[in-house]
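Report on the structure given below.
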Amino acid sequence: MDENHPVLSIVVPMHNEQDNLDYLFERLKDVLDRLSLSYEIICIDDGSRDRTLPMLVKHHYLDSRIKIISFSRNFGKEIALTAGIDYANGDAVIPIDADLQDPPELIEALISKWREGYDVVYATRRSRLGESWLKRFTAGGFYRVIDKIGSITIPRDTGDFRLLDRRVVDVLKQLPERTRFMKGLFAWVGFRQTSILFDRQERYQGRSSWNYWRLWNFAVDGITSFSLLPLKVWSYVGIIFSLFAFLYATFLIVRTLILGVDVPGYASIMVAVLFLGGIQLITLGIFGEYLGRIYEEVKGRPLYLVRDRYGLDDLPAPP
Ligand code: UDP
Ligand code: MG
């Protein structure tokens, strides 16, 4: 088996996952050894503050197929995934969560679809155990919105757990954007995609690092990355308002000419001013969302900073 060119790269982003580690590797190895393929497990320590890194290092020395990228701080799951994909050497790459919400046993099914010739095999949740109705509801809303106004269709109830063929990985690595909305990028690239169904499990140990504010920002990232509608809709809103304003102005002029000056009107003026002021602020905010992202792109800072690496070579310098 060639250590530097395995068939399969498993990519695991980890943020404070010390209690899941041992069990994760046990389950993963169980499955992978049964497949009799060469593999590597690339773990990204995304600025964990617990014992995730020392435990990973221990595992690395026990089994050199477990490789580690340790970030200088927390960069977020999307970026951790990006790093994993950058460093992966396999012919196929499978990102998987560390908390065992994505059952490793499914890897077998992913691989058999891959063997049939698909480039992307994603795992779609049949059910979501242990998630509140609010999370399900907001997630549902998000998929509907992006489907309507985005330039892509993101498969519903699908996380990052999927198999990516080398072809797709090479394309993903070339995408230069800083806002890494991976689910969207996976869909955007196209290629031959198919899905399999599974039951999403509850988190094994520890807590989810996502709160609603983070999820909201995640959703905004997704929408701004794949739709320009929020930016463009305002000219149409403006046209409609101007039309109404014109009609109303005509009415007022005619009425004043016929009936003379009419002083009352405080309420209607206030309503109009406040309403339009609100709309203008929203517009500005939306411009700001896009502008901020343009600024991020222009700054061109590296996506992540690696503090330590175990078992992985330097990345070739970007072209
Ligand atoms: N994760 C990460 N960086 C973060 C947050 C999460 O690498 O800043 C990892 C986390 O360790 C886990 C995966 O991303 O492996 C999914 O995270 P989590 O279970 O918290 O999210 P959820 O399942 O609730 O969507
Ligand atoms: Mg989870």
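Just so you know, ligand 1 is whichever comes first in the structure, and atom 1 is the first atom listed for that ligand. One is the number of the first residue; the rest follow in order along the sequence.
On a distance-only criterion, A98 and ligand 1 share at least one N/O pair closer than 3.5 Å.
Within 6.0 Å of atom CZ in R307, 12 or fewer heavy atoms from other residues, nucleotides or ligands are found, so the atom counts as exposed in its surroundings. R51 CZ: 12 or fewer foreign heavy atoms inside a 6.0 Å radius.
Residue Q101 has at least one heavy-atom neighbour below 4.0 Å for each of these atoms of ligand 1: 19 (O), 22 (P), 23 (O). Interface of D46 with ligand 1, defined as ligand atoms under 4.0 Å from a residue heavy atom, comprises 2 (C), 3 (N), 4 (C), 7 (O), 8 (O).
Contacts with ligand 1 closer than 4.0 Å are made by side-chain heavy atoms of R214 only, the backbone lying farther away. Contact annotation: for I44 versus ligand 1, there are no heavy atoms closer than 4.0 Å. Only the side chain of E17 comes within 4.0 Å of ligand 1, counting heavy atoms alone; its backbone N, CA, C and O stay farther away.
Only one option out of D160, D99, D46 pairs with K77 in a salt bridge (Lys or Arg N to Asp or Glu O under 4.0 Å); it is D160.
The backbone N or O of H5 lies less than 3.5 Å from no partner atom in the side chain of N89, so there is not a single donor-acceptor pair. Between the side chain of Q193 and the backbone N or O of F186 there is at least one donor-acceptor pair closer than 3.5 Å.
Applying the salt bridge (Lys or Arg N to Asp or Glu O under 4.0 Å) test to D91 and every residue at least two apart in sequence or in another chain returns nothing.
Protein N/O/S atoms nearer than 2.8 Å to the Mg ion (ligand 2) total 2.
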What pairs of donor and acceptor atoms, side-chain ones from residues 224-233 against any protein atom, are under 3.5 angstrom apart with sequence neighbours left out?
residue, atom, partner, partner atom, Å
T224, OG1, V220, O, 2.8
T224, OG1, D221, O, 3.2
T224, OG1, R293, NE, 3.0
S225, OG, D221, O, 2.7
S227, OG, I149, O, 2.8
S227, OG, L229, N, 3.1

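Membership of the apolar cluster around L252 extends to Y248, F251, as traced through chained side-chain contacts below 4.5 Å between ILVMFWY residues.
Checking Y143 against K183 by side-chain atom types alone, a donor-acceptor pair falls below 3.5 Å.
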